[in-house]
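All values below come from the heavy atoms of this structure, side chains included, with hydrogens, waters and symmetry mates left out. Note that ligands are numbered from 1 as they come in the structure, with each ligand's atoms numbered from 1 the same way. This structure is a prediction, so every number in the text was calculated from the model and none was measured.
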Amino acid sequence: MSEKDFIPKGKSEKAEKGEITWQSPSNIALVKYWGKKQNQIPANPSISFTLSNCHSTTTLKFAEKEEASKNFDFSFYFEGKKKEEFRPKIQQFFERIENYCPYIKEYRFEIHSENSFPHSSGIASSASGMSALALCLMSLEKQIYPDTSEEFFRKKASFLARLGSGSACRSIEGGLVVWGEHPEIENSSNLFGISYPYEVAPVFKTYKDTILLVDKGEKTVSSTVGHDLMHGHPYADSRFDQANENLRKLKQILKSGDLEEFIKIVESEALSLHAMMMSSLPYFILMKPNTLEIINRIWEYRKSKNIPVCFTLDAGANVHLLYPQENESQVLEFIKNELVAYCQKGHYICDEVGIGARKLTMDNG
Ligand code: DP6
């Protein structure tokens, strides 16, 4: 599919007024997206586990205006309070999707969003928030173009979410999601995420992710700035090759359930992501001393107990502990005994692989 396939065609109907609510999860990348081209095209393919407990719930209230206006007409509320500081991000999102959703200037929108995780947890809400908003818009689009198929609905929701925030396109489907073209993954696309289409060993279907909140502060470097620093980065090309190669290797590992090899790829990806940040200009370090303490503890524990627990990192200091469900009780003991001490206020969030976004309500008032 190409970009122009996402411009709606066919018979349209009137959708005057109503509201739609979607709940959309966060996701954690195993092979990381870091570096992009124009129009939110990733520099390399990535794959993630869709999460379950960390999610955003977004309601889109829409009312058709007498006449389409020149500007986008919306207000944004976060956890019940009007938030002007989020407006630029949504304004930019609307600008990027206007071509594909030509009806948006015909409506006045009120957007209400909330997260299941604390805003100040250092967990990025752009993936869950943008995917939920994209899904709400697709529900409106389906009212205008009733012929929209279920398949097109989900693909376009991912396509739109990507234009809001790259990683958001991996938050529509559940399980494992691939975004970005890879020669050995059929139907993979730079334009939207797809459900990982090959055999997956049972162990990965119920994988656990406990997020250790090391630093709840605002990110010192936004992802957008970080991605930009990959332009002209001395190691960019080899990093993009490495990600492609890691995804290729992962295909076999996901099938066989070889956790030792899985761990090598996942931890190496996390450290490579941070190595890119440390070797860009300007350079920066997003890990905190406690991030490293936790990593060292995980390595010691894994070696001594022979339990396949590993870590991954996002563009921040928090540590995601990934492990099979069957090791849950031992790992939770380990967290309580050894790792909580390195978490801010002892906080951590237990999550696991989830089933993807779901529609909560729809009301045509
Ligand atoms: C480190 O999706 O937040 O989490 O497209 O600029 O919104 P934008 O970036 P974003 O980048 C996420 C980067 C990452 C790795 C990943 O999720 O693959």
Contact atoms of ligand 1, heavy-atom distance to A29 under 4.0 Å: 16 (C), 17 (O), 18 (O)
If you draw a 6.0 Å radius around CG in N296, do more than 12 non-hydrogen atoms from other residues or ligands fall strictly inside? yes
For ligand 1 and K32, I'd like to know whether there is a polar contact (N/O to N/O, distance under 3.5 Å). no
Under 6.0 Å between the ring centres of H112 and F76? no
Considering only heavy atoms of K36, which atoms of ligand 1 have at least one such atom less than 4.0 Å away? 5 (O), 6 (O), 8 (P)
Residue among L259, D209, L332 satisfying side-chain contact (heavy atoms from CB on, under 4.5 Å) with Y323: L332
Quick one: are I335 and Y301 in side-chain contact, heavy atoms under 4.5 Å? no
Compute the shortest N/O to N/O distance between W34 and ligand 1 and return yes if it is under 3.5 Å, no if not. no
Please list, in number order, the atoms of ligand 1 under 4.0 Å from a heavy atom of G166. 2 (O), 5 (O), 7 (O), 8 (P)
With heavy-atom distances below 4.0 Å as the criterion, list the atoms of ligand 1 near D314. 4 (O)
Before signing off on this row, confirm whether Q40 and ligand 1 have an N or O atom pair separated by under 3.5 Å. yes
Taking 4.0 angstrom as the limit and counting only heavy atoms of L273, give me the atoms of ligand 1 inside it, by number and element. 1 (C)
Are more than 12 heavy atoms, taken from residues, nucleotides or ligands other than K303, located less than 6.0 Å from that residue's NZ atom? no
One finds that the ligand 1 atoms under 4.0 Å from a non-hydrogen atom of R170 are 16 (C), 17 (O), 18 (O)
Carefully, step by step, assess E267 and R302 under the rule salt bridge (Lys or Arg N to Asp or Glu O under 4.0 Å). CA-CA 13 Å; E267 292 191 343; R302 186 164 76 220; 2.7 Å; yes
Are W179 and Y33 an aromatic pair by the rule of ring centers under 6.0 Å? yes
